[in-house]
Undergrad: 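First the structure, then my questions, so here it is.
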Amino acid sequence: MNDNNVIFSTHDLAVGYRNGKNEVTLLRGLNLSLHKGKLVALLGQNGAGKSTLLRALTCDERPLSGTIEVNGKNLLEMSQKDRSRLIGLVSTERIQAGALTVTELVGLGRQPHTGFLGRLDDEDREIVRQAMDQSGIISKADDYVASLSDGERQKAMIARALAQQTPIIILDEPTAFLDVASRIETMRLLQTLAHEQGKAVLLSSHDISQSLMLADELWLITTDRQVLTGSTQELVAQGAMNHLFTNQSIHFNPQILDYSF
C-alpha cells in the first residue's frame, strides 16, 4: 500500500491506565497506521482494551509511552483545538443535548473553526447542512435531540463529527444499542465517508459480521494482547479471527463471517 496515504501512525505505543502510582499496561509495542480512504474495524473481546486504545489515540487519555503522529506531526504536542481539527470523535457516551435541535448539535462540530464565541456564519451553516444531508438526518434538522431514536441520534453525532471537517474520524462502538437496520445503515454510511470523501475512519465494534463485510482493514486484539493488522481478506484467510476469544468452543466460520459453536 502506498505510504503516501498514511495519515495517522503510532510508534511503539503503550496504552493502559494508572492506578495510583502504578501503571497497568493493556497493550504495548503498537505500530499502527490509518490510511486515507479506508474504513478500519477494531475488534476484540470485552476487556481487551479497545476503548482504552481509542481514548489514547484521540488523546482523551495520554498513552503510557510512545508517540502518535498525524501527517508526520506529534499529536501529543498539539493543543486540543489543533487536535480537534484533525480528529472527529464519536464516543459511546450519551451527551446531554436533549434541549438542542439536531442543527444546533451538529453546529457544535464547527467550534474548532469558529473561535471563542462559536458564532456560525453562512459558510458554517452550509457545512452543517451538508453534514446532516450526508448523514441522512437532515429531515430531522429542526427536531429536538431528545425526540430522536437511537439510530437517528447516532446519525446526528456522526454529522457533528463531519461538520468538524477532519480528515480522521474515530468512533467507539457506533452501532451499539442499534437495531439491525440501523447498524447496517450506520456501517454503510461510514464506508461511504471513507471511500467517497477519502477520510480515514476507525471504529470499534462487537458486530463481527458487518465489520468483516464492510471494513477494508482490521485491527484485531488477540487473547494474548497482540494487535494484528492487515486487510480484512488477508486476516480472515490467515485464520486470525480464531485468536480473538478465549472460549475454545467458539470457532470462526468464514462462510458466514461470524462465530459459531
Side-chain angles (χ1 to χ4, degrees), residues 7-10 13 15 17 27 30 32-36 38-44 49-63 67-71 73-97 100 102 104-114 118 127-128 131-132 134-135 137 145 150-178 186-187 189-194 197-207 211 215 217 219:
I7 187 172
F8 181 103
S9 59
T10 73
L13 197 73
V15 303
Y17 58 92
L27 303 166
L30 303 181
L32 308 169
S33 59
L34 296 175
H35 297 78
K36 299 174 185 176
K38 297 294 183 182
L39 173 63
V40 180
L42 171 64
L43 306 177
K50 297 188 299 295
S51 293
T52 301
L53 175 57
L54 293 187
R55 287 195 296 270
L57 295 181
T58 58
C59 297
D60 188 40
E61 294 181 5
R62 292 187 69 85
T67 59
I68 305 171
E69 293 184 351
V70 176
N71 288 327
K73 297 181 179 179
N74 192 331
L75 191 70
L76 298 171
E77 295 178 352
M78 295 181 188
S79 67
Q80 176 59 41
K81 183 175 182 179
D82 286 340
R83 288 198 294 265
S84 65
R85 290 180 174 178
L86 295 171
I87 301 175
L89 173 64
V90 180
S91 70
T92 54
E93 297 178 3
R94 291 182 70 92
I95 64 169
Q96 302 301 313
L100 298 179
V102 171
E104 290 169 339
L105 172 64
V106 177
L108 295 177
R110 297 303 299 157
Q111 284 185 337
H113 307 277
T114 56
I127 290 170
V128 168
M132 291 188 294
Q134 292 163 0
S135 301
I137 196 66
V145 174
D150 285 340
E152 291 167 342
R153 179 184 287 258
Q154 193 63 282
K155 288 180 182 179
M157 296 303 294
I158 293 173
R160 186 179 74 162
L162 277 180
Q164 283 181 242
Q165 291 190 313
T166 59
I168 303 163
I169 298 178
I170 295 179
L171 310 96
D172 190 3
E173 296 286 352
T175 60
F177 313 116
L178 301 185
T186 298
M187 289 293 292
L189 168 61
L190 297 175
Q191 184 189 54
T192 298
L193 295 177
Q197 295 192 23
K199 294 183 181 294
V201 182
L202 170 65
L203 64 96
S204 64
S205 179
H206 287 296
D207 193 333
S211 296
E217 300 173 4
W219 292 0

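Just so you know, these numbers use all the heavy atoms, side chains as well, and skip hydrogens, waters and symmetry mates.
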Undergrad: Under the 3.5 angstrom rule, does the side chain of Ser204 hit a backbone N or O of Glu173 as a donor-acceptor pair?
TA: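 Checked: pair present.
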
Undergrad: Shortest non-hydrogen contact from Val106 to Ala156?
TA: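 Closest approach of Val106 to Ala156, heavy atoms only: CG2-O, 3.8 Å.
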
Undergrad: Can you tell me how far the CG atom of Leu75 sits from the CZ atom of Arg83, to the nearest 0.5 Å?
TA: 6.0 Å

Undergrad: With sequence neighbours excluded, tell me which residues meet side chain to side chain contact (heavy atoms under 4.5 Å, CB included) with Thr67.
TA: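 Expected list: His11, Asn74.
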
Undergrad: Would you say Leu89 and Gln164 make side-chain contact, with heavy atoms under 4.5 Å?
TA: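 They are not in contact (no side-chain heavy atoms under 4.5 Å apart), so the answer is no.
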
Undergrad: With rounding to the nearest 0.5 Å, note down the distance linking OG in Ser33 to CD in Glu69.
TA: 12.0 Å

Undergrad: Say you draw a straight line from NE2 of His206 to NZ of Lys50; how long is it, rounded to the nearest 0.5 Å?
TA: 4.0 Å

Undergrad: If I take atom CE from residue Met132 and atom NZ from residue Lys155, how far apart are they, to the nearest 0.5 angstrom?
TA: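 Answer for the CE-NZ pair, Met132 versus Lys155, is 13.5 Å.
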
Undergrad: Between Leu190 and Pro174, what is the shortest heavy-atom contact and its length?
TA: CD1-CG, 4.2 Å

Undergrad: Using atom types as modelled and distance alone, determine if a side-chain donor or acceptor of Thr186 lies under 3.5 Å from a backbone N or O of Thr175.
TA: no

Undergrad: So which atom in Thr166 and which in Ser84 form the shortest heavy-atom distance, rounded to 0.1 Å?
TA: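 Thr166 and Ser84 have their closest heavy atoms at CG2-O, 3.4 Å.
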
Undergrad: Side chain to side chain contact (heavy atoms under 4.5 Å, CB included) with Asn71: which residues, sequence neighbours excluded?
TA: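 Residues passing side chain to side chain contact (heavy atoms under 4.5 Å, CB included) with Asn71: Ile7.
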
Undergrad: With sequence neighbours excluded, what pairs up with Leu189 under the side chain to side chain contact (heavy atoms under 4.5 Å, CB included) test?
TA: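 So Leu189 forms a side chain to side chain contact (heavy atoms under 4.5 Å, CB included) with Ser135, Ile158, Leu193.
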
Undergrad: Name the residue from Leu57, Ile169, Leu171, Leu39 that meets the side chain to side chain contact (heavy atoms under 4.5 Å, CB included) definition with Leu202.
TA: Leu57

Undergrad: Apply side-chain contact (heavy atoms from CB on, under 4.5 Å) to Asp207 and Met187, showing your working.
TA: CA-CA 10 Å; Asp207 193 333; Met187 289 293 292; 5.7 Å; no

Undergrad: Taking the side chain as every heavy atom from C-beta outward, state whether Leu76 and Pro63 have any atom pair closer than 4.5 Å.
TA: yes

Undergrad: Side chains of Val145 and Glu104: does their closest heavy-atom pair fall under 4.5 Å?
TA: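 Contact flag for Val145/Glu104 side chains = no.
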
Undergrad: Quick check: closest heavy atoms across Ile168 and Ile170, and the distance to 0.1 Å?
TA: CG2-CG1, 4.0 Å

Undergrad: With heavy-atom distances below 4.5 Å as the criterion, would you say the side chains of Leu162 and Gln197 are in contact?
TA: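 With C-beta onward as the side chain, the pair touches.
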
Undergrad: For the residue pair Ala131 and Ala163, what are the closest heavy atoms and their distance?
TA: CB-N, 3.9 Å

Undergrad: For a side-chain contact (heavy atoms from CB on, under 4.5 Å) check, start with the C-alpha distance between Leu105 and Met157, then their side-chain angles and the critical distance, and finish with the verdict.
TA: CA-CA 8 Å; Leu105 172 64; Met157 296 303 294; 3.9 Å; yes

Undergrad: Quick one: does any side-chain atom of Glu61 pair with a main-chain N or O of Thr52 as donor and acceptor, under 3.5 Å?
TA: no

Undergrad: Starting at CG of Asp60, measure out to CG of Asp172 and round the result to the nearest 0.5 Å.
TA: 10.0 Å

Undergrad: Do Leu32 and Phe8 come close enough that some side-chain heavy atom pair is under 4.5 Å?
TA: no

Undergrad: With side chains defined as the heavy atoms from C-beta onward, is the minimum distance between Met78 and Leu86 less than 4.5 Å?
TA: yes

Undergrad: If you round to the nearest 0.5 Å, how far is CZ of Arg110 from CG of Leu108?
TA: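 The CZ atom of Arg110 is 12.0 Å from CG of Leu108, to the nearest 0.5 Å.
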
